[in-house]
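Take a look at the structure below.
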Protein chains: 2
Amino acid sequence: MSLSQTEENYLKAIYSLAYANSNKVSTTLISAELNTKASSVTDMIQKLADKDLVHYKKYQGVSLTEIGRKIAVEIVRKHRLWEVFLVNKLNYNWDEVHELAEQLEHIKSETLIDKLEAFLEFPTHDPHGDQIPDKNGNIEHHKNMMLSTLEIGESCVVIGIKDSSDPFLKFLDKLQIQLGSIIKVVSKEPFDNSMLVETATGSISISHQISKNLFVKKL
Amino acid sequence: MSLSQTEENYLKAIYSLAYANSNKVSTTLISAELNTKASSVTDMIQKLADKDLVHYKKYQGVSLTEIGRKIAVEIVRKHRLWEVFLVNKLNYNWDEVHELAEQLEHIKSETLIDKLEAFLEFPTHDPHGDQIPDKNGNIEHHKNMMLSTLEIGESCVVIGIKDSSDPFLKFLDKLQIQLGSIIKVVSKEPFDNSMLVETATGSISISHQISKNLFVKKL
DNA sequence: TTTTATTTTTAGACAAGTCTAAAAATTTTA
DNA sequence: TAAAATTTTTAGACTTGTCTAAAAATAAAA
Ligand SMILES: [Mn+2]
Ligand SMILES: [Mn+2]
Ligand SMILES: [Mn+2]
Ligand SMILES: [Mn+2]
């Protein structure tokens, strides 16, 4: 049973939405994620339900079946490994690789992705700090601490980003913040929740919008 | 104007058929190449003619326009560069890469293929000895000498293969003949056009079917 | 607890790419 | 050069994925 690119994109969208929200995903959420209309989503949902890739009861939202989840994680794995290839081997910047990986993740092969993984020397995280699932579909996500939750005086290292959209990545580049950057909280402004932080390149002010999208590990 | 994978495959098919035959390509030839029906080909031909990618007069066969040819060569370039990547970097065998390259050649990006080319250190030929077009679409094909045309006593080096189908590649592997192999013609059998040749690994008999599919350069 | 607003599903349509069956044109053969 | 065979094109239909407009169900407000 080979899936179309479109079907794979739906599964992936449901997977990431279910993770961000809480398991049951609504028609409108999916349509927003995939830039389609709700009616198109309903059509596809029914097709995926027929193939036992999602659990679906009319008007009740949708969730992935075990096999549906497995396929979704496989696509995430492919996406992230291709991103590593593009950044580490082809010298792309981390803000340039997403659209390309969107295409490459759909290449069909039994062997390709494992060979690619070996060639990349078994990376554990993609260029945005997201964990790469192993070939059995296992993945633990435990990047739960945000920079915004740190107290004054605490230091941390940046280990991931929540919003990996282009503009955000470009902005981080401008601030010279990358994965591995060390940040110390100097002060916090209760009014707008911004914070003054100390980085390797100096002292900068960071808005709440930024600090709540940076995963960090306390030092 | 972005083309679908299907449209790209038609252009590529017309390109290689026009080269093998003589410019004007028939509906049935294309349908055989792409495993479709002649009626489907006619439909697509008309679409491509509307887009000025092919010259087409009803019942008169089809040929590529300048822009159509340029696109076809670009796809050939991508196909061959991806094949080099798969063989040189991911350790695939030369008989395993064609289907994968059929998919990868359709990845859309302004920059990807040039970066890939640089990463591969600007290879000039793919794993089957076929020349890789440059980024301006230039390609000279001058691999016109077949092993079958050599005289007794002459030596040559294998520089390409005409039929790069799986079975043929596997058979060459078994004979331990690769690109770069040196072959000396010991005798020729007029009855079936087979020849006895001397290779690095010994003396073997080669059928006409084989010798007329091996491009060689005389030593 | 009704009424109203919002979300979700259905109905019907369209574009892309394919197919089969039949008609039209071309090529081959006699 | 006329008849037969082959190739090519058209006509009509089907699938996938999408859309708009309208109906049905659910959620929110009064
Ligand atoms: Mn995708
Ligand atoms: Mn990523
Ligand atoms: Mn292809
Ligand atoms: Mn090749």
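These values consider heavy atoms only, across backbone and side chains, with no hydrogens, waters or symmetry-generated copies. To find a chain, count down the sequence lines: A is the first, B the second, and so on, and within it residues start at 1.
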Could you tell me how far apart [X] ([atom1]) and [N] ([atom2]) are, to the nearest whole angstrom?
X       : N      : atom1 : atom2 : answer
B:Ile45 : D:dT9  : CD1   : P     : 8 Å
B:Tyr59 : C:dA24 : OH    : P     : 9 Å
B:Gln60 : C:dA25 : CD    : C1'   : 10 Å
B:Met44 : C:dA16 : CE    : C1'   : 8 Å
A:Glu7  : D:dT18 : CD    : C1'   : 14 Å
A:Asn35 : D:dT18 : CG    : P     : 11 Å
A:Lys57 : C:dT9  : NZ    : C1'   : 17 Å
A:Asp43 : C:dC14 : CG    : C1'   : 14 Å

Indicate yes or no: does A:Glu151 engage A:Lys218 in a salt bridge with an N to O separation below 4.0 Å.
no

Any salt bridge linking B:Glu117 with B:Lys135? Criterion: basic side-chain nitrogen under 4.0 Å from a carboxylate oxygen.
no

Taking the six-membered ring for Trp, are A:Phe119 and B:Phe85 parallel (under 30°), tilted (30 to 60°) or perpendicular (over 60°)?
perpendicular

Tell me whether the side-chain N/O atoms of [X] come closer than 4.0 Å to OP1 or OP2 in [N].
X       : N      : result
A:Gln46 : C:dT10 : yes
B:Gln5  : C:dA16 : no
B:Tyr10 : C:dA16 : no
B:Ser4  : C:dA16 : no
B:Tyr56 : D:dT9  : yes
A:Ser39 : C:dT8  : no

NA contact type, B:Thr6, heavy-atom cut-off 4.0 Å: base, sugar-phosphate, or nothing?
sugar-phosphate

Counting the atoms with a prime plus P, OP1 and OP2 as sugar-phosphate, which does B:Ser40 contact under 4.0 Å by heavy atoms, base, sugar-phosphate, or nothing?
base

Regarding the side chain of A:Lys58, the nearest nucleotide among D:dA25, C:dT10, D:dT9 is C:dT10

So if I take every side-chain heavy atom of B:Thr42 and compare against C:dC19, D:dT9, C:dT8, which nucleotide ends up nearest?
D:dT9

Decide yes or no, distance alone: a donor-acceptor N/O pair under 3.5 angstrom between the base of D:dT8 and the side-chain of B:Thr28.
no

Can you check whether B:Val76 reaches B:Asp130 side chain to side chain, under 4.5 Å on heavy atoms?
no

Verify whether one side chain among B:His106 and B:Asn9 offers a donor that lies under 3.5 Å from an acceptor in the other.
yes

